[in-house]
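Note on naming: letters A, B, ... go to the chains in the order of the sequence lines (proteins, then strands), and numbering restarts at 1 for each one. On a predicted model such as this, the values are computed, not experimentally measured, just so you know.
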Protein chains: 2
Amino acid sequence: MTVGKSTMKTVGDDISWKAQNNGTIGIHPCASCDVRTRAVCSALSNDELKELALHSRHRAIDAGETVFFEGDPTEAYYVVMDGALKLYKLLADGRRQITGFLFKGDFLGLAYCEDHSFSAEALKDSKLCQLPKGQFEAMADESGALGRRLLSIATSGVACAQEQMLLLGRKTAAERLASFLLWLSSAQGRGGDDSADLISVPMSRADMADYLGLTVETVSRTVTKFKTGKLIRLQAQNGIEICDRGELEAIAAGEAA
Amino acid sequence: MTVGKSTMKTVGDDISWKAQNNGTIGIHPCASCDVRTRAVCSALSNDELKELALHSRHRAIDAGETVFFEGDPTEAYYVVMDGALKLYKLLADGRRQITGFLFKGDFLGLAYCEDHSFSAEALKDSKLCQLPKGQFEAMADESGALGRRLLSIATSGVACAQEQMLLLGRKTAAERLASFLLWLSSAQGRGGDDSADLISVPMSRADMADYLGLTVETVSRTVTKFKTGKLIRLQAQNGIEICDRGELEAIAAGEAA
DNA sequence: CGTCGCATTGACTCTATTCAATCCGGGTGG
DNA sequence: CCACCCGGATTGAATAGAGTCAATGCGACG
């Protein structure tokens, strides 16, 4: 198992300071950031945001590139500005468990941890906003709002993880896939009305398998079964259309016949 | 699946106010609490502690009794003063996944969540210190130390949960049991030197199975295999002695032959 | 001493894995 | 333009690891 240091190009200091001054937000690079209102940053005052922006760096990550490896010392936290990431852990012989996927607006990192307890890799070309560990932690210590926001992120992370434990420990392959598709749908519904019926699946079958605790073959077979049963329809560009949400929900909950 | 409201006797207002005044701690009921230095409470000043104690209640929970059910509105947080609890989630047909065990000193509850996302039940007769939700949250909002402590608890909860996902998604029965025994050992080592070789197992085989994503039979068979292989020895009163920690560690990590 | 609940063991089954072949779409180079 | 190639996805056949069903063992307790 190769666990090396991550190397990556830093887009660097080229944060735009040209954002328009609208009188309330003031001039700072985050003014033009479209995840600002959704991400952790929303817990910061304009002054704090400005301060933090002084130390932040944007990083472009290509698909397949690693942000950091499990065991690496934590040097920074990140906000996903665009793209998608997978988080995973490995066993000595290469068996892999994906512990989560991150999308636009999500926060990456575990507060106050010395070392990363998982690896993070881009599913597709992505943009991250990198926040230096020390700087960010100091700010979290100062700002009650940021601390509370981080707590709420961690808390929902725990709830999510417990749901996934239920899936991994007790659900059948079909139940796992159904749960996954519905989760993906609701994740993509964030921002829009509700959950989308046409979902884009940025991860490979192998990634889905490693997230669901199955093999590629089983995922593929189960997808086919859902397709045959007219629960879903495969679309171009890794799209999946949910045709019978009710039935999928019943399956996901373990209520199916 | 019966999911009712939890009912429980409240030991009530009989918190002892007789703790000795040693000049620094001052007179308050927590002075005599032996988990005070380990639990969340350690993040509070004496004044804060005193304030919180005014609203706290001790609850005695019998083995098998439920503290709260998944879906119940969160009305309080708890500190486990003594005993052991299991946290679990259920599927519609009764399949159960235990998502964690709590011991003396552990914190019970997910900060700022409206409803409980899991049920909590005592493994054996236990004592809890109940902290009213509103009171405690207000205090967390005020005190940076408490907020940070809660964040660190939630954060290590996430790391723990991810480790468990790896176990549930990718480990074999033997690897799961080995990981579990070592975890239990290190959990009981807290307070003592390091990890204990003689561990007490307060949960039934069924609980172990539901925690490890296995069946009772498989757990039992695997225990027998370990016993036969001289990796462990069963002791009286649900005790298990670890005889070959190195081999167990190798198995747990997935490095065994 | 008998009973009850949990744990263990045995025999058989089944779901998901493994191993292997084929398919499909996109990109490349002749 | 089209044949070729490559990686991911799908499908098939055989296998294995854990599950299921059922019987027995064992210790605590009345």
Side-chain angles (χ1 to χ4, degrees), chain A residues 63-64 86 91 93-98 123-124 167-181 200-229 232-240 251 254 256-257, chain B residues 63-64 86 91 93-97 123-125 167-181 200-229 232-240 251 254 256-257:
Chain A
K86 63 184 172 201
L91 288 175
D93 61 1
R95 276 173 286 169
R96 185 179 68 155
Q97 179 64 39
I98 290 181
L123 288 175
K124 54 180 180 179
L167 179 148
L168 291 169
R170 290 298 178 221
K171 291 189 182 177
T172 66
E175 289 164 358
R176 293 178 200 206
L177 182 64
S179 304
F180 173 73
L181 292 174
S200 100
V201 183
M203 61 288 287
S204 67
R205 292 287 183 271
D207 287 337
M208 290 169 57
D210 282 346
Y211 182 60
L212 299 175
L214 301 169
T215 57
V216 178
E217 294 92 331
T218 301
V219 170
S220 189
R221 276 185 247 273
T222 312
V223 166
T224 302
K225 211 188 306 176
F226 281 6
K227 204 172 47 178
T228 309
I232 60 172
R233 218 171 329 191
L234 298 199
Q235 305 286 358
Q237 272 124 357
N238 302 317
I240 293 187
I251 294 174
Chain B
K86 63 185 172 200
L91 288 175
D93 61 2
R95 276 173 285 170
R96 186 179 66 154
Q97 178 65 40
L123 287 175
K124 54 180 180 178
D125 295 353
L167 180 149
L168 291 169
R170 290 299 178 220
K171 290 189 183 179
T172 65
E175 290 163 356
R176 292 180 201 206
L177 182 64
S179 304
F180 174 72
L181 292 175
S200 101
V201 182
M203 61 288 285
S204 67
R205 293 286 184 270
D207 287 337
M208 289 169 57
D210 282 346
Y211 182 60
L212 299 175
L214 301 168
T215 58
V216 178
E217 293 91 334
T218 300
V219 169
S220 189
R221 276 185 249 273
T222 311
V223 165
T224 301
K225 211 188 307 175
F226 281 6
K227 205 172 45 178
T228 309
I232 60 172
R233 218 171 331 191
L234 297 199
Q235 306 285 359
Q237 271 125 356
N238 301 319
I240 293 187
I251 294 174

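Rounded to the nearest 0.5 angstrom, B/Lys225 NZ and B/Ile232 CD1 are separated by 11.5 Å.
Residue B/Thr172 has its side chain nearest to D/dA18 when only C/dA7, D/dA18, C/dA16 are considered. Distance from the side chain of B/Leu214 is smallest for D/dG19 among the nucleotides D/dT20, D/dG19, D/dG12. Minimum atom distance to the side chain of A/Arg205 is reached by D/dA9, of the listed D/dT20, D/dA9, C/dT17. Listed nucleotides C/dT18, D/dC21, D/dT11 differ in distance to A/Thr215; the shortest reach to its side chain belongs to C/dT18. Listed candidates were C/dA7, C/dT18, D/dG19. Nearest to the side chain of A/Glu217 is C/dT18. The side chain of A/Leu234 lies closest to D/dT10, out of D/dG19, D/dT10, D/dA9.
Contact between B/Arg170 and A/Leu214 at its shortest, heavy atoms only, is NH2-O, 2.6 Å. Nearest heavy atom pair, residue A/Leu168 against residue A/Tyr211, reads CD2-O, 3.8 Å.
The separation between B/Met203 atom CE and C/dG5 atom C1' is 19 Å, rounded to whole Å. Atom CG of A/Leu212 is separated from atom P of C/dT15 by 19 Å (rounded to the nearest Å). What separates CG of B/Asp210 from C1' of D/dA18 is a distance of 15 Å, to the nearest Å. Rounding to whole angstrom units, CD of residue A/Gln235 and P of D/dA9 are separated by 17 Å. Look at CG on A/Leu177: it is 12 Å from P on C/dA16, rounded to the nearest Å. Protein atom CG of B/Asp207 is 13 Å distant from nucleotide atom C1' of C/dA7, rounded to whole Å. Taking atom CG of residue B/Leu123 and atom P of nucleotide C/dC6, one finds them 13 Å apart after rounding to whole Å. Between the CG atom of B/Asn238 and the P atom of C/dA7 there is a distance of 8 Å, given to the nearest Å.
A donor-acceptor contact shorter than 3.5 Å is absent between the side chain of B/Asp210 and the backbone of B/Gln97. Checked by atom type and distance alone, the side chain of A/Arg176 pairs as donor or acceptor with a backbone atom of A/Lys171 at under 3.5 Å.
Checked by distance alone, B/Arg221 brings no side-chain donor or acceptor within 3.5 Å of a matching partner on the base of D/dG17.
Sequence order on DNA chain D of the closest nucleotides to A/Arg170 and A/Lys227 puts A/Lys227 first from the 5' end.
Checking the phosphate oxygens (OP1, OP2) of D/dT10, a side-chain nitrogen or oxygen of A/Ser220 falls inside 4.0 Å. Side-chain nitrogen and oxygen atoms of A/Thr224 include none within less than 4.0 Å of the OP1 or OP2 phosphate oxygen of D/dT10.
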